[in-house]
Amino acid sequence: MKTETITGTKETAQKDFLPLQGTDYVEFYTGNAKQAAHFYMSAFGFQALAYAGPETGTRDKVSYVLRQNKLTFVLTTALRTDNAIADHVYDHGDGVKVLALRVDDAESAWYETTKRGGKSFMEPKHLKDEHGEVVMSGIHTYGETVHLFIERKNYNGPFMPGYQAWSNPYFQPSDTGLLYVDHCVGNVGWNQMNPRVKFYEEVMGFRNIISFDDKDISTEYSALMSKVMSNGNGYVKFPINEPAEGKKKSQVEEYLEFYNGEGVQHVALATHNIVQTVTELRNRGVEFLKVPSNYYDTLPGRIGKIDEDLAPLKELGILVDRDDEGYLLQVFSKPIQDRPTLFFEIIQRKGAKSFGKGNFKALFEALEREQEARGNL
Ligand code: FE2
């Protein structure tokens with residue numbers, strides 16, 4: 001049943017020129033960061049952590065920093081027109097601008113990637129305050145998305161210089177069990193997947209660990225192709241999707257049209273208890289895609305024995321897939337802004353290191369029903 005190609009899983013003897021310790025934060029450019037921060041706190045269970053704005057000496061933008069376990073989200077809005085953040089929101093709507101990666105040496109990360117052809121977004125910058133020093137640098141990736149390299153080993157403040165601690169004494173929502181970023185998926189244009197794979201291989205030293213062709217990821221109507229890129233230690237995984245020819249418009253094309261270019265399609269957030277997490281998220285108003293209930297009729301035969309009861313999985317629309325190493329449970333939110341662009345995946349891995357290939361068809365049919373309702377299929 002498993003036809004996906006998994007390659008290059010053996011550690012190479014070569015030294016990793018870009019050692020990454022994981023995702024440091026995800027920054028969203030939004031139309032209204034104050035309200036977006038409230039949404040992520042009330043609906044997703046994040047806590048207030050830090051703030052930057054005119055009160056902290058930042059004149060042209062505000063940023064709210066939220067945290068839940070190892071997840072850090074930054075919500076940023078421009079305070080003026082004629083500003084790169086305002087232009088980004090005008091062009092793309094709300095979306096992910098920065099996938100920030102934790103490094104031990106941000107200067108070396110910048111030199112190693114730019115000398116291999118990475119286009120600089122930010123030369124190494126040393127930021128200091130009374131809590132110590134953060135060094136950051138960055139390069140461009142697909143569309144207007146960037147990777148920042150964050151070195152914070154000599155810093156013990158709330159977030160980074162320029163930010164002050166922020167909390168709301170009246171509103172401390174409880175956690176929903178979201179733990180860390182499992183993977184972040186990028187949508188790129190026609191014929192752009194392989195060049196982007198090459199970028200991650202050559203510029204960032206990633207490996208292609210899984211490939212899906214359009215036969216793996218197609219429904220009666222639409223198709224896409226995907227390659228999963230992983231860094232050396234597997235802490236950072238970036239699947240890259242491109243549209244493929246089908247009878248109707250691919251979900252990736254709908255994204256590219258509404259995001260007005262390439263960008264982050266979904267961020268997968270890990271939990272140790274998906275039933276509890278999704279119950280909490282639903283109770284707080286987060287909407288998820290639903291697969292037809294007959295998906296669950298054939299599930300035990302396909303998946304074998306799992307620890308969870310089927311009834312709550314069915315009730316919450318949680319999907320299950322198995323690979324050689326174990327199984328995983330996953331569910332996908334509806335888009336979390338007005339444009340049909342960015343959404344979240346909630347994932348619980350029980351040994352499986354794959355991405356739910358067995359669920360693609362059911363999932364994409366569910367996505368197509370939404371796409372059709374929007375008149376975009
Ligand atoms: Fe995913």
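All values below come from the heavy atoms of this structure, side chains included, with hydrogens, waters and symmetry mates left out. Each ligand, and each atom within it, is numbered from 1 in the order the structure gives.
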With sequence neighbours left out, what residues match Lys125 under salt bridge (charged side-chain N to carboxylate O under 4.0 Å, His left out)? none
Ring geometry between Tyr163 and Phe159 (parallel below 30°, tilted from 30 to 60°, perpendicular above 60°): perpendicular
Exactly one candidate in Ile150, Val65, Val181, Leu66 meets side-chain contact (heavy atoms from CB on, under 4.5 Å) with Tyr25; the answer is Ile150
Judged by modelled atom types alone, do Thr56 and Gln164 share a side-chain donor-acceptor pair under 3.5 Å? no
Answer yes or no: is there an ion pair linking Lys227 with Glu201, defined by an N-O contact shorter than 4.0 Å? no
So does Glu368 pair up with Lys248, basic N to acidic O under 4.0 Å? no
Taking 2.8 Å as the limit, list every protein N, O or S atom around the Fe ion (ligand 1), by chain and residue number. His183 NE2, His266 NE2, Glu345 OE1
